[in-house]
Amino acid sequence: MNQTDQTRAFILDYFNALSAGRLEDIPIAEDCSYTGSMLSDTIQGGEAVRTHIGQIAPFVERFELKRLVVEGADAAVIVDLIGFGSRKVEGVVFFKVEGGLLKSMNNLFDTRQLLGSF
């Protein structure tokens with residue numbers, strides 16, 4: 001399996017693990033970074049990233065992957081987040097996967113959809 005195929009498999013496994021509540025199954029690099037449109041600062045470090053994912057997971061019912069584009073260690077996923085009372089929030093997530101570990105993530109969601117729904 002080449003790097004592109006490995007990254008694609010990692011991304012699919014990532015979303016499956018999130019949906020099943022198996023956060024411990026997500027391999028995260030010790031020096032992982034996590035950024036996003038809903039964060040004021042970058043989260044640094046594998047344990048901090050895992051903790052953050054664990055804190056937001058209860059608010060997410062599921063992810064609907066619309067498109068997955070992978071080249072080598074990099075991936076972009078167009079996704080709908082269904083949560084927060086069954087509301088849909090559209091976004092894109094950029095991943096970097098190295099050595100089978102999540103190296104970085106950047107979540108960009110349309111926060112207007114989230115804020116306008118309350």
Side-chain angles (χ1 to χ4, degrees):
M1 187 178 331
N2 65 33
Q3 178 66 50
T4 297
D5 293 337
Q6 290 172 355
T7 301
R8 182 181 314 282
F10 180 95
I11 301 303
L12 295 174
D13 289 346
Y14 171 86
F15 283 108
N16 286 334
L18 270 184
S19 296
R22 297 185 333 266
L23 301 179
E24 68 280 358
D25 289 350
I26 301 170
I28 302 175
E30 288 184 30
D31 61 346
C32 184
S33 65
Y34 184 110
T35 60
S37 55
M38 294 188 219
L39 296 173
S40 59
D41 291 315
T42 299
I43 297 171
Q44 294 286 348
E47 284 309 310
V49 169
R50 188 178 306 281
T51 298
H52 176 72
I53 293 170
Q55 290 171 340
I56 61 171
F59 300 101
V60 178
E61 293 172 29
R62 69 183 183 283
F63 291 94
E64 295 177 356
L65 278 59
K66 301 295 185 181
R67 182 153 189 216
L68 171 58
V69 179
V70 182
E71 183 176 318
D74 299 306
V77 183
I78 299 171
V79 62
D80 288 343
L81 180 158
I82 310 299
F84 304 100
S86 296
R87 291 170 172 84
K88 179 174 82 170
V89 182
E90 300 169 323
V92 64
V93 183
F94 298 97
F95 290 86
K96 179 169 276 305
V97 179
E98 292 180 353
L101 302 172
L102 178 62
K103 184 72 171 177
S104 68
M105 243 177 112
N106 186 1
N107 284 302
L108 301 173
F109 285 94
D110 185 352
T111 56
R112 295 172 302 161
Q113 294 172 327
L114 180 60
L115 297 174
S117 61
F118 289 103

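Everything numeric here is computed off the predicted structure, so don't read it as measured data.
With rounding to the nearest 0.5 angstrom, the CD1 atom of Ile78 is 10.5 Å from the NZ atom of Lys66. Between the CZ atom of Arg8 and the CG atom of Asn2 there is a distance of 9.0 Å, given to the nearest 0.5 Å. Between atom CZ of residue Phe94 and atom CG of residue Asn107 there is a gap of 10.0 Å, rounded to the nearest 0.5 Å. Atom CZ of Phe15 sits about 5.0 Å away from atom CG of Leu65, to the nearest 0.5 Å. Within the model, atoms NZ of Lys96 and CE of Met105 stand 14.5 Å from one another, a figure rounded to the nearest 0.5 Å. With rounding to the nearest 0.5 Å, the separation of OG in Ser33 from CG in Asn106 is 8.5 Å.
Here the shortest heavy-atom pairing between Ala20 and Arg22 reads CB-NH1, 3.0 Å. The two residues Leu101 and Ala29 come nearest to each other via the heavy atoms CB-N, 3.8 Å. The minimum heavy-atom distance between Gly54 and Leu23, with the atom names listed, is CA-CD1, 3.2 Å. Closest heavy-atom contact between Ile28 and Gly46: CG2-CA, 3.7 Å.
Cluster membership for Leu18 and Leu81, using ILVMFWY side-chain heavy atoms within less than 4.5 angstrom, is shared. In the hydrophobic clustering of ILVMFWY residues, with side-chain heavy atoms under 4.5 Å counting as a link, Tyr34 and Phe59 come out together. One hydrophobic cluster, built from ILVMFWY side chains closer than 4.5 Å, holds both Leu39 and Val60. Residues Val70 and Met1 fall into different hydrophobic clusters, defined by Ile, Leu, Val, Met, Phe, Trp and Tyr side chains chained together at heavy-atom separations under 4.5 Å.
Between Phe63 and Val93 the shortest side-chain heavy-atom distance does not fall below 4.5 Å. Looking at heavy atoms from C-beta onward, Ile11 lies in side-chain contact with Leu68 at the 4.5 angstrom threshold. For the pair Met38 and Ile56, the minimum side-chain heavy-atom distance is 4.5 Å or more.
Salt-bridge check for Arg62 with Asp80: failed, with every basic side-chain N at 4.0 Å or more from each acidic carboxylate O.
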> Where do Tyr14 and Ile53 land on the side-chain contact (heavy atoms from CB on, under 4.5 Å) test, with the steps shown first?
Replying inline: CA-CA 11 Å; Tyr14 171 86; Ile53 293 170; 3.9 Å; yes
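For the residue pair Gln3 and Thr7, a side-chain donor N or O sits within less than 3.5 Å of a side-chain acceptor on the partner.
Within a 6.0 Å radius of CD in Glu71, other residues, nucleotides and ligands contribute 12 heavy atoms or fewer.
Here the side chain of Gln6 pairs no donor or acceptor atom with the backbone of Gly100 at under 3.5 angstrom.
Residues Phe95 and Phe10 place their aromatic rings such that the two centres sit no closer than 6.0 Å.
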